[in-house]
Amino acid sequence: VCLVLCINDLWAVNADTITQHVIGFSKYLQLYAKLGSPFSEVEIESPKIDESLLFKPNPQSQLGFGFSYSWFGMGINFSLPAESWSNRKYGKTRKFDFEAHITTQRFMVDLIHKCYKGFYFSNAGDYIDDWHRGDPYPQIPNLQTRSTSISFAYIFNPHKYSSNAAYSFSQAMRKSGGSWLAGAYCSFNGIDSDSSIVPSVVKVYIDPQLDLKNVVFSDIGVSFGYSHLFTIWRKYFVAFTFMPGVSLQNIAQQSSVNSDVEKYNALSMRSVLRFSLGKNGDRFYWGVSTYLESVFIQHYKSELSLKSGHAEFFLGYRFDTSHWQIMKRIDRIMHPSFMRFITGEPPRRD
């Protein structure tokens with residue numbers, strides 16, 4: 001795959017050396033629909049076990065609609081009703097899910113707030129001998145997760161890479177390019193249950209220090225990473241962003257064995273992975289997009305991680321607003337002179 005992409009890049013450069021890396025759709029209003037599944041997962045790894053313990057919510061889908069113009073966009077999602085067989089197999093999940101991903105010429109900002117209650121033991125077959133595929137999964141209806149985070153990243157090379165082209169599609173890239181990133185983040189997370197985070201059938205496999213009733217942890221840290229977009233036949237693309245980070249973590253956890261509360265500080269890791277692929281045409285655009293944020297608690301050689309994000313399929317269309325008089329006022333509001341180092345210049349109109 002890498003060889004094919006490299007050959008295609010060389011061909012594109014030789015065929016049209018004056019093509020800009022980034023082209024804009026600054027005068028276009030974009031409407032889109034998407035079908036996806038947000039998630040929040042708990043994973044426990046220990047050297048005593050071959051496979052990690054993985055707890056997931058009911059895989060309930062969402063249908064969304066939205067719009068974007070310039071650097072601003074907004075959408076709303078509706079959870080599709082879970083079928084009765086799904087509730088029997090995975091259990092019921094109640095959730096509140098909010099994500100905002102702001103992409104400008106030089107910055108990427110992510111705002112996340114998720115609350116989930118009701119999980120199932122995803123890899124039950126690895127630990128329960130009499131469980132068979134097709135049986136209802138062991139369920140933990142009182143297991144809850146809460147995730148709130150804000151992060152930003154500075155794009156060092158906005159002339160050869162556009163996060164708007166990779167993820168919000170207010171721009172497009174007709175030549176491959178990438179950029180290094182640097183940023184910071186803070187987050188607040190919680191995992192709790194009425195008795196224990198893990199079900200009794202797998203307690204024997206985990207470190208007793210991670211047999212918890214609840215744990216609350218906050219992180220403040222810095223991150224570094226890289227983003228790249230590969231163009232394929234000019235209007236097709238594959239894009240990724242990887243940003244690992246290190247943070248100072250404050251932890252408060254309550255044991256499910258004796259209810260003792262332990263508080264301590266530690267250095268921890270956090271990572272963000274974004275990926276998208278599809279076609280970014282002049283009017284129509286479509287593709288698949290994913291976002292995954294992972295935070296970790298380390299206890300000797302055991303590890304508890306909380307992962308959240310989404311995976312979705314999207315379809316959009318651009319409307320030319322060149323002759324819409326009202327857009328002149330909107331451009332002045334969205335591109336104030338003192339913020340143009342972030343938002344870029346407003347589009348030129350007749």
Side-chain angles (χ1 to χ4, degrees), residues 38-46 52-57 95-103 107-116 119 143-156 163 166-167 178-192 197 207 209-210 212 214-228 239-253 262-276 289-311:
F39 58 86
S40 177
E41 302 175 353
V42 179
E43 185 174 4
I44 298 176
E45 296 183 1
S46 173
S52 59
L53 307 176
L54 185 58
F55 308 98
K56 296 182 178 182
K95 61 186 176 182
F96 175 82
D97 204 294
F98 171 82
E99 294 186 37
H101 303 283
I102 303 168
T103 54
F107 289 94
M108 299 171 64
V109 180
D110 300 308
L111 305 173
I112 308 293
H113 181 65
K114 293 174 177 281
C115 298
Y116 281 67
F119 288 73
L143 179 60
Q144 302 181 72
T145 63
R146 301 180 303 278
S147 305
T148 302
S149 67
I150 177 172
S151 61
F152 79 92
Y154 179 79
I155 301 171
F156 284 95
S163 59
Y167 304 115
S179 175
W180 291 101
L181 311 172
Y185 63 93
C186 63
S187 64
F188 179 86
N189 304 279
I191 307 171
D192 63 85
I197 291 175
D207 185 338
Q209 295 298 320
L210 288 179
L212 304 173
N214 59 70
V215 56
V216 177
F217 55 103
S218 58
D219 294 85
I220 298 178
V222 295
S223 56
F224 304 91
Y226 184 75
S227 279
H228 199 93
F240 75 91
T241 299
F242 179 59
M243 286 204 70
V246 61
S247 67
L248 177 62
Q249 188 175 75
N250 179 267
I251 306 166
Q253 61 186 40
E262 181 182 6
K263 297 182 179 180
Y264 58 97
N265 296 321
L267 288 177
S268 184
M269 300 292 293
R270 175 254 200 187
S271 67
V272 168
L273 176 64
R274 299 188 70 168
F275 175 81
S276 65
S289 176
T290 63
Y291 176 87
L292 175 63
E293 179 179 327
S294 303
V295 289
F296 307 90
I297 295 178
Q298 193 78 29
H299 188 275
Y300 296 104
K301 295 183 179 181
S302 298
E303 182 179 86
L304 183 150
S305 61
L306 177 60
K307 302 177 181 180
S308 61
H310 68 258

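Being a predicted model, the structure only gives us computed values, none of them experimental.
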Donor-acceptor under 3.5 Å ([X] side chain, [Y] main chain):
| X | Y | value |
| --- | --- | --- |
| S276 | A166 | yes |
| K114 | G309 | yes |
| S268 | F296 | yes |

**Asked** Between H101 and Y167, is the gap from one ring center to the other below 6.0 Å?
**Response**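 For H101 and Y167, the ring centres are not under 6.0 Å apart.
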Minimum heavy-atom separation for [X] and [Y], please, with both atom names.
| X | Y | value |
| --- | --- | --- |
| R146 | C115 | CG-SG, 4.3 Å |
| F107 | I155 | N-CD1, 4.2 Å |
| G183 | M243 | N-CE, 4.2 Å |
| Y116 | P57 | CD2-CB, 3.8 Å |
| H113 | T148 | ND1-OG1, 2.7 Å |
| S52 | E43 | OG-OE2, 2.7 Å |

Rounded to the nearest 0.5 Å, how far does [atom2] of [Y] lie from [atom1] of [X]?
| X | Y | atom1 | atom2 | result |
| --- | --- | --- | --- | --- |
| M108 | I102 | CE | CD1 | 11.5 Å |
| L304 | I44 | CG | CD1 | 5.0 Å |
| F55 | S40 | CZ | OG | 13.0 Å |
| S247 | L267 | OG | CG | 7.5 Å |

**Message:** With side chain to side chain contact (heavy atoms under 4.5 Å, CB included) as the criterion, how do S294 and M269 come out once you've worked through the C-alpha distance, each side chain's angles and the decisive distance to 0.1 Å?
**Reply:** CA-CA 9 Å; S294 303; M269 300 292 293; over 6 Å; no
**Asked** With under 30° as parallel and over 60° as perpendicular, where do the rings of F240 and Y226 fit, or are they tilted in between?
**Response**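 The arrangement is tilted - the two ring planes meet at 30° to 60°.
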**Item:** Name of the residue among V215, I197, N214 meeting side-chain contact (heavy atoms from CB on, under 4.5 Å) with D192
**Value:**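 Only one option passes, and that is N214.
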**Item:** Partners meeting side chain to side chain contact (heavy atoms under 4.5 Å, CB included) with A252 (sequence neighbours left out)
**Value:**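 Listed in chain order: K263.
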**Request:** For F156, check side chain to side chain contact (heavy atoms under 4.5 Å, CB included) against everything at least two apart and list the hits.
**Result:**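 With neighbours one apart ignored, the set is Y154, S179, W180, A182.
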**Item:** side chain to side chain donor-acceptor pair (under 3.5 Å) partner of R270, the single match among S187, S305, S151
**Value:**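 Per the side chain to side chain donor-acceptor pair (under 3.5 Å) rule, the option paired with R270 is S151, out of S187, S305, S151.
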**Message:** Would N250 and V216 count as a side chain to side chain contact (heavy atoms under 4.5 Å, CB included) here? Give the steps.
**Reply:** CA-CA 8 Å; N250 179 267; V216 177; over 6 Å; no
**Request:** Step through the shown structure and confirm whether more than 12 heavy atoms of other residues, nucleotides or ligands are within 6.0 Å of CG on L111.
**Result:**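 Yes, the 6.0 Å shell around CG holds more than 12 heavy atoms from other groups.
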**Message:** With heavy-atom distances below 4.5 Å as the criterion, would you say the side chains of I220 and L248 are in contact?
**Reply:**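 I220 does not reach L248 side chain to side chain.
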